[in-house]
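Just the heavy atoms: all of them, side chains too, but no hydrogens, waters or symmetry mates, feed the values below. Protein chains get the first letters and strands the later ones, always in sequence-line order, with residue 1 at the start of each.
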2 protein chains.
Amino acid sequence: MEETRVYLSQKEMPRAWYNIQPDLPKPLPPPLNPGTGQPIGPEALAPIFPMGLIEQEVSQQRWINIPEEVLSIYGLWRPTPLCRAKRLEEALKTPARIYYKNESVSPAGSHKPNTAVPQAYYNKKEGVKRLTTETGAGQWGSALSFGCNLFGMECQVYMVKVSFHQKPYRRMLMETWGGKVTPSPSSQTEAGRNILAQDPDSPGSLGIAISEAVEDAAKREDTKYSLGSVLNHVLLHQTIVGLETKAQLQKIGVKPDILIGCVGGGSNFAGFCFPFFPEKAAGKAIRFIAVEPTACPTLTKGLYRYDFGDTAQTTPLLKMHTLGHNFIPPGIHAGGLRYHGAAPLLCLLAEEKLMEAVAYPQNPCFEAALLFARTEGIVPAPETSHAIRAAIDEAVRCRKNKEEKVIVFNFSGHGHFDMASYDAFLSGKLVDYEYPEEKIKESLKDLPAIGAK
Amino acid sequence: MEETRVYLSQKEMPRAWYNIQPDLPKPLPPPLNPGTGQPIGPEALAPIFPMGLIEQEVSQQRWINIPEEVLSIYGLWRPTPLCRAKRLEEALKTPARIYYKNESVSPAGSHKPNTAVPQAYYNKKEGVKRLTTETGAGQWGSALSFGCNLFGMECQVYMVKVSFHQKPYRRMLMETWGGKVTPSPSSQTEAGRNILAQDPDSPGSLGIAISEAVEDAAKREDTKYSLGSVLNHVLLHQTIVGLETKAQLQKIGVKPDILIGCVGGGSNFAGFCFPFFPEKAAGKAIRFIAVEPTACPTLTKGLYRYDFGDTAQTTPLLKMHTLGHNFIPPGIHAGGLRYHGAAPLLCLLAEEKLMEAVAYPQNPCFEAALLFARTEGIVPAPETSHAIRAAIDEAVRCRKNKEEKVIVFNFSGHGHFDMASYDAFLSGKLVDYEYPEEKIKESLKDLPAIGAK
């Protein structure tokens, strides 16, 4: 019997996160103060983030040690298995080998606890009692509820309203770990009240929810804010995924040709791919493919420009691919991919053509997810289905070209809390949104003038 | 960093199931024909089961080889990890060591695929095109849908009506794997129509759903029936759980003092404990503790008598602890534990005092589940919460008695599809049913005279 899973022991778990910043082809454009257009210093972030994380945000150190307390909690589910999708390969009749890194085995069911736990830890260490955050599909909110609970902290989650109603079980999961969940836009914050005044039926968006969570944190002394993606320190924590994958591939003597991940804010993709970047930069032929929904085509249709991270324009400006901070994507089931921007670190690589990006509508993604569930067993999250779609398409290309490539994708999460989306798919009710170019152009008109060429 | 998980490689996976029959202290009373009171032969079971499974049902061979095709599918998630619940131990301040065998990592989220896969395999081998079954909480129905899908067979699931409405995501999961799900009692069968005529609002029960599934299978040439628990061959397949656990404990040089599992029909408990039986029979002090709900107290309050396996009296008579085949337990959230009887193999051990049984109401079980989720991370299934409650109580006893015992329980499944029950628990809406003695006495009046002393 051939082994289809590669395990690492807890002793073999990486002891440091990989920071890509010193290895970038050019320096990362700094976040700017929207008023002055000048780079912001750490003090500007201090009201909403602890110093431990602000330091990581700007660090130029290649390796950053993972604290023992974090390692011990990682040990509840890490190292996660790397699996060969043999039955999927057979179904596709592909000569390619398909592997997936199974991040769905975490208690919250996704890669998100990889950063939720250290974020809770660094906040706790500096005396913070309460964290606020936003969540789309609920993956991040449940991860932070889980993380806060382990350090005895309160967790207030603003959940995008459309997902709040689509995914009641996610709310219950957060509450099981002690989280407090409010549908966003809410009347709890000024940002929320403003949106509701304009559109009482607003489905919400990650941008709006971020505004609410940031406002809440800025208002209270005992509270800080926590972001589940986009920022450098979040991507840093997620590199545990790629570092383990690298060790696992080495263990079986396999070299990857293509690495694939879905992109919302970009953290699972970056955490998965970045540890392979030094080899790629040194000339090794590894393709990084980011997969996003056509309903929110940030990397494939957005502009690389300075923009706000949130709708209410309360964050610093970040240099990234953006559809405009007023962009509100339709309520697709992959709620975690509904973000108007993406991680600046990732966008720099995209701009430098060191990675590729593709976009898919939701029906072909669910088709891919169904094939995966019916061959490999696990039911994928709608977000993850995007990575699977791209992996399958690459594998089919290998069949046509008779190429024995090694395709590795990040199985970012399971779909146990997203079954209603499978129900909708199976009954033919899913709409494929191709976002109209003119609508994108319209929301791009609102980009701040600062940093525009 | 101390390892908290014990893995086996796929190569180390057991190659044969353990059959307890030759090691029993006395022969198992045979199933009887309800009309004649005589033992039934294989030919009586042939209309609803394939010969491969009927042979296993009566086999006296101690070891039965696991077919390669089954091993290969087991490899999608097996061997499952054995985990040390360090954080739970710390929360309980117990000197005891608590381990759990994590069966929740299977695609269906429980131990059920361990038998669904071989059952589909043996049916397929004999040309069967379609399987019918019943399901309570939906764990079994989803496992059989998963198993049938892998062998290209149809799967018709009769789902206990109260669970069908409580757990829509479970239905969607079955459908994702291609299963067809009907709430039971249904108008699809005579058995269902009879119940509906008496009580159109019947919440259903496993007993009724079994009647429907058996009738459906008996009616169609291409169809056989599949049972998720109770029968000898089902318990046999589940011994993979205990065999792995044994190998894992040996690997770390740990000897178990107490083995704990929840009991509905008894298959997860038996599969977990039976492989340790030869040592126990040889005089080693290992306690087996079965945990059931007070709402359906089969082992703790039932009689050890011949009874029907289903409500419509269509099955052979089985010698088991029973609350009477007309017993319909209240709609507790642990739907998988709502069965009036239990596995004859298990009941024989109980009658011979080779195992213990305890019963808990649902609130203390959910308290235990919450503590587990908040220390170890994973959210347990309501069924599994019963095993956790008992494990915690034993660990607390160890604290009081200053005993460093090794407690191992079977974490039979996760609660991702049962979040509504956590919602009900957290909002104080769960009722603790202690089934009234007089009601039990009443349903016991309906026991068949055959085999009564």
Hey, is the main chain of R374(A) close enough, under 3.5 Å, to the side chain of W177(B) for a donor-acceptor pair?
-> no

R170(B) versus chain A, heavy atoms under 4.5 Å apart: side chain, backbone, both or neither?
-> neither

Select one option (side chain, backbone, both, neither) describing which atoms of R171(B) are under 4.5 Å from chain A's heavy atoms.
-> side chain

Between E175(B), M13(B), K11(B), the one whose heavy-atom pairs under 4.5 Å with chain A are most numerous | K11(B)

Should P107(B) and E376(A) count as side-chain neighbours, where that means a heavy-atom distance under 4.5 Å?
-> no

Tell me, do T176(B) and L426(A) make a side-chain contact under 4.5 Å, heavy atoms counted?
-> yes

Quick one: what part of S106(B) sits under 4.5 Å from any heavy atom of chain A, side chain, backbone, both or neither?
-> neither

What's the shortest heavy-atom distance between L173(B) and V379(A), and which atoms?
-> CD1-CG2, 3.5 Å

Contact origin within L370(B) toward chain A - heavy atom pairs under 4.5 Å | side chain

Applying a strict 4.5 Å limit to non-hydrogen atoms, the region of F146(B) in contact with chain A is side chain

Value for OH (Y169(B)) from NZ (K167(A)), rounded to nearest 0.5 Å, stands at 7.5 Å

Are side-chain heavy atoms of S9(A) and R5(B) found at a separation under 4.5 Å?
-> no

So do the side chains of I378(B) and W77(A) get within less than 4.5 Å of each other, counting heavy atoms only?
-> no

Evaluate the criterion side chain to side chain contact (heavy atoms under 4.5 Å, CB included) for residue pair S72(A) and R87(B); output intermediate values, then yes/no.
-> CA-CA 10 Å; S72(A) 145; R87(B) 283 171 192 271; 2.5 Å; yes

Among R15(A), R84(A), E68(A), single out the residue with the greatest number of heavy-atom pairs under 4.5 Å to chain B.
-> R15(A)

Sort by residue number and list every member of residues 408-424 of chain B having a non-hydrogen atom under 4.5 Å from chain A.
-> H414(B), H416(B), F417(B), D418(B), M419(B), A420(B), Y422(B), D423(B)

Within 6.0 angstrom of K251(B) NZ, more than 12 heavy atoms from elsewhere = yes

